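Below, chains carry the letters A, B, ... as their sequence lines are ordered, and counting in each starts from 1. No hydrogens, no waters, no symmetry mates; every other heavy atom, side chains included, goes into these values. As the structure is a computational prediction, the values presented were derived from the model and not from experiment.
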Number of protein chains: 2
Amino acid sequence: MQKTIIAPVKFTHVQCGDCPIRHRAVCARCDSDELTSLEETKYYRSFEAGQTIVWSGDRMDFVGSVVTGIATLTQTMEDGRRQMVGLLLPSDFVGRPGRETAAYDVVATTDLVMCCFRKKPFEELMVQTPHVGQRLLEMTLDELDAAREWMLLLGRKTAREKIASLIAIIARRDASLKMQKSEGRVVVDLPLTREAMSEYLGLTLETVSRQISALRKDGIIEVEGKRHITIPDFDRLIEEAGDDSDGGFLV
Amino acid sequence: MQKTIIAPVKFTHVQCGDCPIRHRAVCARCDSDELTSLEETKYYRSFEAGQTIVWSGDRMDFVGSVVTGIATLTQTMEDGRRQMVGLLLPSDFVGRPGRETAAYDVVATTDLVMCCFRKKPFEELMVQTPHVGQRLLEMTLDELDAAREWMLLLGRKTAREKIASLIAIIARRDASLKMQKSEGRVVVDLPLTREAMSEYLGLTLETVSRQISALRKDGIIEVEGKRHITIPDFDRLIEEAGDDSDGGFLV
DNA sequence: TGCATGTCTTGATCTGGGTCAAGGCCCGGA
DNA sequence: TCCGGGCCTTGACCCAGATCAAGACATGCA
């Protein structure tokens, strides 16, 4: 079912460049003895689009971070209603130190590579190396802010505003990673199916589709194929998103 | 407008008992030199029900925790739509180290006493004293879990389920603080107006009122006055809340 | 005592988004 | 080349919850 790749040669150059645990939290400031012990437990795992990485309630004995691709955290009610509660892009952290079992389904929505550490050694490292904990605190606070922005979206925005917000969020994160802008026109490839979008936004798949069509008809976005979107005027999209002030620069 | 009380005698016994920063994070494990410097900047502030403590965007040069009463974090859109994004009960932490300005309106929904620290010395303490940061990380992770439970509520639950969930959440937090249960019958005093509930739940005030009436008619809850609620069968309430498995033990 | 204000309830009506259903498009495999 | 299955779009209809409106009840102040 899942291909597990243990630190193959081809990933070597990735280890320092893309792994936030090492790169952001550790490399710069800590002595390397700690790192060596962590390094021993580090491994890479690949998943195919659509694969579930962990089921809610399952034992989860690793933490890690996304290297490439996109993963989601989703909650499910008994009758099958689903709500996405986390969208994980490259460099995002997965897993909660100090927790035995996963609280959410973790799903790869695109092909995905994760950098993982066994939880126990990672927790030991956290105790010994304050910077790791501090960096994790920062990241968690950022996620909390993102969750709160998301709550405003879920609780108070209209379907049209929700769609506009989601496109803006993805465009911004994309841009901050890859600088895809070209003089005002922003180009995004949606990494989510309509269904995943509906789970993000608390809508049905049909409403997502209708609202994307509506934004297209109104010239807010241009759609090529199903996923490729061009935003001719980003400010207009932001207006449609109904965001307050600096709105949604988080996550 | 706001009464500021600086460490009066009558609060002395409170300082160790109720203040989570000192009590939970610091007292037990750290040397007291650090504490002394923090102690100098510690002060108590009281607010009346309805008072806004900080406006979103305002400079906020303190962090703190709720000693008694209830505060909320709320986001507002330009057209006035409001969504609560944080509900702060006694012992909850307020403020984000490393941030200059408040990201949300902080409002006292009941009379409130907060224990505050100037932000700068607190941040210095965090660098020097890892346990404070570790404790804060734990608390932030708990808040993130709560936010995600809240997102499921906002995105996927019906009005009736939302009301039942909110009553259950408050009852559980009350119970964990004060053990109010008496053989199956649980008694809660809602600390929120109907309007605050509507802001929590992403509903209108009228829908909140109607659904409370509906739950009363169906015998799920008994209502005395406007705020005093008795839950004859807690499990039935949980069923109405539609919670998955252990549902909502978080927060 | 009477009035104003804040909080809550209830009724009547409207509507945004859900539900159900049909069909289009594209890709991969027989 | 055709077929089957994802994925997406669009239409028709419906309903949960929003909106608009009236009034109940309690408290505090003149």
Side-chain angles (χ1 to χ4, degrees), chain A residues 48-51 77 79-83 107 109-111 153-167 189-218 221-229 240 242, chain B residues 48-51 77 79-83 107 109-111 153-167 189-218 221-229 240 242:
Chain A
E48 285 167 26
Q51 242 186 300
M77 295 172 69
D79 61 7
R81 280 175 282 175
R82 288 169 65 79
Q83 175 63 52
V107 181
T109 53
T110 64
D111 288 344
L153 178 149
L154 290 171
R156 294 302 184 191
K157 289 190 178 180
T158 64
R160 169 182 264 245
E161 288 169 339
K162 286 178 175 182
I163 296 288
S165 299
L166 177 56
I167 294 172
D189 276 295
L190 296 178
L192 302 174
T193 63
R194 299 289 185 264
E195 186 179 35
M197 289 191 234
S198 76
E199 287 177 5
Y200 185 112
L201 299 171
L203 296 170
T204 59
L205 169 163
E206 293 96 324
T207 298
V208 169
S209 185
R210 271 186 257 272
Q211 294 298 334
I212 288 177
S213 298
L215 289 177
R216 179 169 44 69
K217 274 176 201 128
D218 297 346
I221 58 175
E222 291 157 22
V223 185
E224 205 179 329
K226 288 155 194 320
R227 305 285 193 87
H228 190 78
I229 287 187
E240 293 292 341
Chain B
E48 285 167 26
Q51 241 186 299
M77 296 171 69
D79 61 5
R81 281 175 282 175
R82 287 169 67 78
Q83 175 64 52
V107 181
T109 53
T110 64
D111 288 343
L153 178 148
L154 289 171
R156 294 302 183 193
K157 289 191 177 177
T158 64
R160 168 180 265 244
E161 287 169 339
K162 286 178 175 182
I163 296 288
S165 299
L166 177 56
I167 294 172
D189 276 296
L190 296 178
L192 302 175
T193 63
R194 299 288 185 266
E195 186 179 34
M197 289 192 232
S198 75
E199 288 177 6
Y200 186 111
L201 299 171
L203 296 171
T204 59
L205 170 163
E206 293 95 323
T207 298
V208 169
S209 186
R210 272 187 254 271
Q211 293 299 333
I212 288 177
S213 298
L215 289 177
R216 179 170 44 70
K217 274 178 201 127
D218 297 346
I221 58 174
E222 292 157 20
V223 185
E224 204 178 330
K226 288 155 192 320
R227 306 284 194 87
H228 190 79
I229 288 187
E240 293 291 343

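Atom P of nucleotide C:dG16 and atom CD1 of A:Ile163 are separated by 16 Å, given to the nearest angstrom. A straight line from NZ of B:Lys226 to C1' of C:dG6 spans 10 Å, rounded to a whole angstrom.
Looking at heavy-atom distances under 4.0 Å, A:Thr193 makes contact with sugar-phosphate atoms alone, never a base. Using a 4.0 Å heavy-atom criterion, one finds that B:Gly202 contacts the sugar-phosphate atoms exclusively. In this structure, B:Leu205 reaches the bases: a heavy-atom distance under 4.0 Å links it to at least one base atom across the strands shown. Residue contacts for A:Arg227: at a heavy-atom cut-off of 4.0 Å it reaches the sugar-phosphate backbone alone, with no base atom in range.
For B:Thr207, the listed nucleotide lying nearest its side chain is D:dG17; candidates were C:dG18, C:dC8, D:dG17.
Close to D:dT10, at under 4.0 Å from its OP1 or OP2, lies a side-chain N or O of A:Ser213. Phosphate proximity of C:dG18 to A:Thr204: present, with a side-chain N or O under 4.0 Å from OP1 or OP2.
At distances below 3.5 Å, at least one donor-acceptor pair connects side-chain atoms of B:Gln83 with backbone N or O atoms of B:Glu199. Looking only at distances, no side-chain donor or acceptor of B:Glu161 sits under 3.5 Å from a matching main-chain atom of B:Glu240. Looking at A:Arg81, its side chain does come within 3.5 Å of a backbone N or O of B:Arg156 through a donor-acceptor pair. A distance-only check finds no donor-acceptor pair linking the side chain of A:Ser209 to the backbone of A:Glu206 [under 3.5 Å]. With A:Asp111 contributing its side chain and A:Ala49 its backbone, the two residues share a donor-acceptor pair below 3.5 Å.
Taking 3.5 Å as the limit, the base of C:dC20 and the side chain of A:Glu206 contain a donor-acceptor pair of atoms between them.
Bending across the helix from C:dT1-D:dA30 to C:dA30-D:dT1, expressed as the angle between its end axes from five pairs apiece, amounts to 20° (10° rounding).
Put simply, the side chain of B:Arg194 reaches to within 4.5 Å of the side chain of B:Ile212, judged on heavy atoms. At a threshold of 4.5 Å between non-hydrogen side-chain atoms, the residues A:Thr109 and A:Thr193 do not count as touching. You'll find the side chain of B:Thr207 stays beyond 4.5 Å of the side chain of B:Lys162, heavy atoms only.
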Please write out the pairs of protein N or O atoms and N or O atoms of nucleotides 12-14 of chain D separated by less than 3.5 Å, giving the distance to one decimal.
none

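Nucleotides of DNA chain D nearest to A:Met197 and A:Arg156 differ in position, and the one nearer the 5' end is that of A:Met197.
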